[in-house]
Student: 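A single structure is presented below for examination.
Letters A, B, ... mirror the listed sequences (proteins, then strands); counts begin at 1.
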Amino acid sequence: MTQEYFIKDENKLSNNISDLPENKNVILLSAIYSGEDQKVLLKFYDPDLEVIYFWKDRTNHKPYCYTKIEYKEKAEEIIKKEPKYNILPTKKNDLISDKEIDVIKIVAPDPLSIGGTDNSIREKITAWEADIKYHENYLYDNALIPGTYYYRKNDNIYQYKYEIDPKIRNKLYELIDNNNLDLLDTKTINYNYYISQWVNLLNQPIPDLKRIAIDIEVESEEGRIPHPRDHDKTVTAIGLAGSDGFRKVYVLNKDSNEKNAFISEAEVVETEKELILAAFKDIKNYPIIITFNGDDFDLPYLYMRAQDPRIDPLNKEIIKKEDIPIVVKRDTFIKRGMQAEPVNLKHGIHIDLFRTFQNRSIQIYAFNHKYAEYTLNAISESLLNDHKIEFEGDISDLPIHKLAEYCLKDADLTLGLSTFNDNLLMKLLIVISRISHLPIDDVSRFGVNQWIRGMLYFEHRQNNFLIPRRDELISKGVSSTTAIIKEKKYRGGLVVEPKLGIHFNVVVVDFASLYPSIIKVHNLSYETVNCSHLSCKNDPEQQIPETTHWICKRRRGLTSLLIGSLRDLRVRYYKQLSKDKTTTTDYRQLYEVISQAIKVILNASYGVMGAEIFPLYCLPVADATAAIGRVTTTRTIEKCKQIGIEVIYGDTDSLFLKNPSSAKVKEISEWARTQLEVDLEIDKTYRYVVFSDLKKNYLGVLEDGTVDVKGLTGKKSHTPPFIRKAFYKILEILKEVNSEKDFQKAKENIKKIIRIYANDLETGKIHPSELSFNVMVNKSPDRYGEKTNNSKVKSIDGKNIDFITYKGLPQHIKAAMLLHQSGREIKAGDIISYVKTKTNDGVKPVDLLRNINEIDTEKYLEAMESTFDQLLSALNYNFQSILGKDRQSNLDELFWSKK
DNA sequence: GCGGACTGCTTACCT
DNA sequence: ACAGGTAAGCAGTCCGCG
């Protein structure tokens, strides 16, 4: 294993022996800006030697931004004073006005001259494209796409195009519904062009990335978490787990008499300096390192601690910066205790999985909501079916042979999260890099809005479109609908009132990617909604129903093209290919990953248009999308009525059809395809569905007996376990129901279960842990009970100040405060387990409950009642006549019949 | 002084 | 830290009421 790619200069990444060899196919993974060199450094991965090469820009590319011609004098004035800037007249396409305009390009020697200081150009003049990170600018301008292949020849980098299997390519002709699909690269920017580009980009092979996971243990006092800022606590162990099977844990000797057997991977060292150096040496053999929260803890701690003389008690020698493989951008940030920035590696790339798994899009769309908490243990349990090593007491009291096992296990789990399911996560990151045109380490840390931003910015640059300023987009108008929820900006999806009761043979149909389809079909994009053409504005055909917006008919919108082509590729091409048995398993997996990555992007594409943090935020686009969505659903319901299908429920993009014939389902789907240009597909068929009168609350049993529960309290995570258990027992019974007759028997059994549980509750047979409500603390605990009043109050010195009132605290926070008083640290994201009591404030943390008599049984009966009523109200509806009496609460009735 | 109607806050869920 | 819509429970306020 060669180490020649490791660069020795202090905090500096430069071209030297590590330079990219010529004519070798390597994959671009990342790009960073090097302040020392005032250049962008590209990081290429060599799948062959499994190393990363750095490549310093040799094109003399410089940071820049634009201003419009009306600010010309101002720009000239600035460069007269500050000759470091250069100005260059040029032309750009302005999408907002749909005109080619003259602009002035302002070129600077370094990114900070553009933005980031009080003295930057964007603070002095109305500037365009001045907020884009320089390394991103560099990638866009050179059409460099992370996740794809390149080779070097002399001083230039060239794209390496993988030949795509002609058979696979030809499937496009079959699957994409377009007669004159032109697969040749063309300079005309149209739908075919994008389809072709995406396929060229996405079908390239994904290499394995050699990597190592690292986890450190640090001595700590009780109740105080060690912080890199202080770096006063000893690093006691460092665990390492490589994707090549390498496993090692270094532990600091603290008790030379310990005779316990160590795991074979353990190595005991005598000083902390040796410990850290040993780990650094191993790390340097890997181009990529993986951590869990390494940005905020492990890596900055190692970085700071390595330079602390306490690691070498005898000689007081620190590890010199040049021997530390970690790059911390601004260590002053750590010193002030602020949130750390991404931590880089001198010789490679660092991916912090904590950030990636926190990403909501990754959590929900890539991992189907399988994990709920963002801890290494919780995520490992859900995804790997494995967990951290458990121990009693304080970690600092562990004997070192146990500490070694514990630490190595953490490294194993961290690596495992990146390797499970055939390296799914790494593959997803690479594919999202390709789509978003962002470095893989940025993708792993950024939210979905930045992924989509990257995709759109890249295309703007490719087409010489001027990226609009936020104020230009705001001036395109506001929403013209009113939201149902106060504080929301516009109206969203339509929810159909469910028909109470039990319904047999229910077919659920839904529109495939409804919002992306609408964006495609209706040409929605920031420049096409409320466009600048009077002819479009005044054309009745171009008006968007339910709103005051109109759509351009003169040109295709960029967002519409990009989202539309991705949607079609996913629905018609990649989904099919991933199931195509005529290709190899490897290929099918690749297509499955691509399909998932596209799904993540598509699912967020509408949402970001209505999100302020999105730089191309445009309310009319989001407003229009949702409005057309409601019209689509409403018109389909009307058509159903017309042809005699009963619609018993629907939510946003789905409709529940009661016992429809397959011919009628086909008819309605065909109608939607031709009239609305959306794909209406059968999602699933229920043997029966039980609706209460509540929206987003139902239970359905599929043909195979699987029970689908949506929204019911019995399923919710905060519901006490004993109620949840009773609830799931009831589901077991309902699973067996096949016909209306079966319900009678089922109901008797349900009664029995409820009685048993209620009785156990009243006789105190249920363990307090089974009684706990489990509720998450969603924000920093000190921010509860704080509410700013609208009224301004005059303070003593006569100034108006905001008057802050403190209101009552939610129950889980009351419990959290009690826990805090007993010495437990409470932070955002923690789940508080509490029981309801007759004493004090009515709550007590379950861990602090000493006397079972404090439990407020009445409250638990109420909780049972409301939980089960959601089901019983629907069941009773049909059985009311059999019982022949008015019911009070459904639960009361059960008790009444018991006596 | 008390209860019901109401609002606001918070969480968890659905699409 | 992508959107809006719905449900539920709790805390507090307003208002009527001989």
Side-chain angles (χ1 to χ4, degrees), chain A residues 355 358-365 369 372 445-453 479 481-498 508 510-511 513-516 600-619 621-623 625-627 629-630 633 649-656 683 692-698 708-719 773-779 783-787 789 805-814 831-832 836 841-843 859 862-863 865-867 869-870:
Chain A
R355 299 248 203 150
Q358 266 194 325
N359 184 315
R360 297 274 293 167
S361 292
I362 293 281
Q363 181 189 13
I364 295 166
Y365 299 117
H369 227 130
R445 289 174 175 84
F446 286 172
V448 66
N449 80 85
Q450 304 191 68
W451 299 346
I452 294 174
R453 181 206 63 190
S479 64
T481 58
T482 36
I484 290 173
I485 308 169
K486 258 192 265 182
E487 322 273 292
K488 296 284 186 191
K489 293 165 290 192
Y490 61 93
R491 178 155 298 190
L494 188 78
V495 189
V496 180
E497 201 74 49
V508 182
D510 63 9
F511 299 105
S513 317
L514 178 63
Y515 289 155
V600 170
I601 301 283
L602 291 181
N603 278 329
S605 60
Y606 142 79
V608 294
M609 297 299 167
E612 277 105 333
I613 35 117
F614 183 57
L616 297 172
Y617 165 67
C618 189
L619 259 188
V621 176
D623 194 18
T625 312
R630 292 190 298 274
T633 308
Y649 180 60
D651 188 346
T652 311
D653 61 353
S654 69
L655 293 174
F656 288 55
D683 179 24
S692 62
D693 56 355
L694 300 173
K695 292 169 173 177
K696 300 182 192 277
N697 267 264
Y698 62 88
D708 252 2
V709 184
K710 301 288 178 186
L712 300 180
T713 306
K715 184 196 180 181
K716 292 196 174 181
S717 60
H718 71 261
T719 303
F773 288 84
N774 307 290
V775 179
M776 190 183 278
V777 179
N778 267 353
K779 43 185 186 182
R783 307 239 342 257
Y784 283 89
E786 157 191 304
K787 193 200 171 258
N789 224 340
T805 54
Y806 289 89
K807 301 217 164 184
L809 297 169
Q811 292 195 321
H812 68 293
I813 301 304
K814 283 184 190 164
I831 288 176
I832 306 296
K836 301 204 182 187
D841 282 331
V843 289
K859 281 265 188 276
E862 279 170 29
E865 179 183 336
S866 61
T867 303
D869 264 358
Q870 286 180 343

Student: Under the salt bridge (Lys or Arg N to Asp or Glu O under 4.0 Å) rule, what do A:K489 and A:E612 come out as? Steps first, then yes or no, please.
Tutor: CA-CA 11 Å; A:K489 293 165 290 192; A:E612 277 105 333; 3.0 Å; yes
Student: Measure the NZ-CG distance between A:K696 and A:D651 for me, rounded to the nearest 0.5 Å.
Tutor: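 One gets 3.5 Å once the value is rounded to the nearest 0.5 Å.
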Student: When all nucleic acid strands are considered with a 4.0 Å heavy-atom cut-off, which category describes A:A622: base, sugar-phosphate, or nothing?
Tutor: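 Counting heavy atoms under 4.0 Å across all strands, no contact is made by A:A622.
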Student: Touch check for A:V709, heavy atoms < 4.0 angstrom, all strands: base, sugar-phosphate only, or nothing?
Tutor: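 Sugar-phosphate, backbone atoms only, no base.
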Student: To the side chain of A:K710, which of B:dT15, B:dT11, C:dC2 is closest?
Tutor: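 The answer is B:dT15.
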Student: With a 4.0 Å cutoff (strictly under), does any side-chain N or O of A:N449 reach OP1 or OP2 of C:dA1?
Tutor: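 Checking C:dA1 against A:N449, no side-chain N or O comes under 4.0 Å of OP1 or OP2.
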Student: Provide, to the nearest angstrom, the distance between the CH2 atom belonging to A:W451 and the P atom belonging to C:dC2.
Tutor: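 Whole-Å distance recorded here is 9 Å.
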Student: Between B:dT10, B:dT15, C:dC2, which nucleotide gets closest to the side-chain atoms of A:D653?
Tutor: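 Among the listed nucleotides, the one closest to the side chain of A:D653 is B:dT15.
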Student: Check whether any side-chain heavy atom of A:H812 lies under 4.5 Å from a side-chain heavy atom of A:H718, and answer yes or no.
Tutor: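 In short, these two side chains do not touch, never coming nearer than 4.5 Å.
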Student: Can you check whether A:H812 has a side-chain N or O nearer than 4.0 Å to OP1 or OP2 of B:dT11?
Tutor: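 For B:dT11, OP1/OP2 do have a side-chain N/O of A:H812 under 4.0 Å.
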Student: Whenever both distances are under 3.5 Å in a Watson-Crick or G-U wobble pair, mark it; put DNA chain C into dot-bracket that way, with [ ] for crossing pairs and | when the partner is on another strand.
Tutor: ..|||||||||||||||.
Student: Under 4.0 Å, heavy atoms only, any strand: does A:F773 hit a base, just the sugar-phosphate, or nothing?
Tutor: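 Counting heavy atoms under 4.0 Å across all strands, no contact is made by A:F773.
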Student: Picking from B:dG8, B:dT15, C:dC2, which would you name as closest to the side chain of A:S654?
Tutor: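 Taking heavy atoms from C-beta onward, the closest nucleotide is B:dT15.
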Student: What string of B, S and - do you get for nucleotides 4-9 of chain C 5' to 3' if you count protein non-hydrogen atoms under 4.0 Å?
Tutor: BBBSSS
Student: Measure from the side chain of A:N778, starting at C-beta and using heavy atoms only, and say which of B:dG8, C:dC2, B:dT11 lies closest.
Tutor: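 Of the candidates, B:dT11 comes closest.
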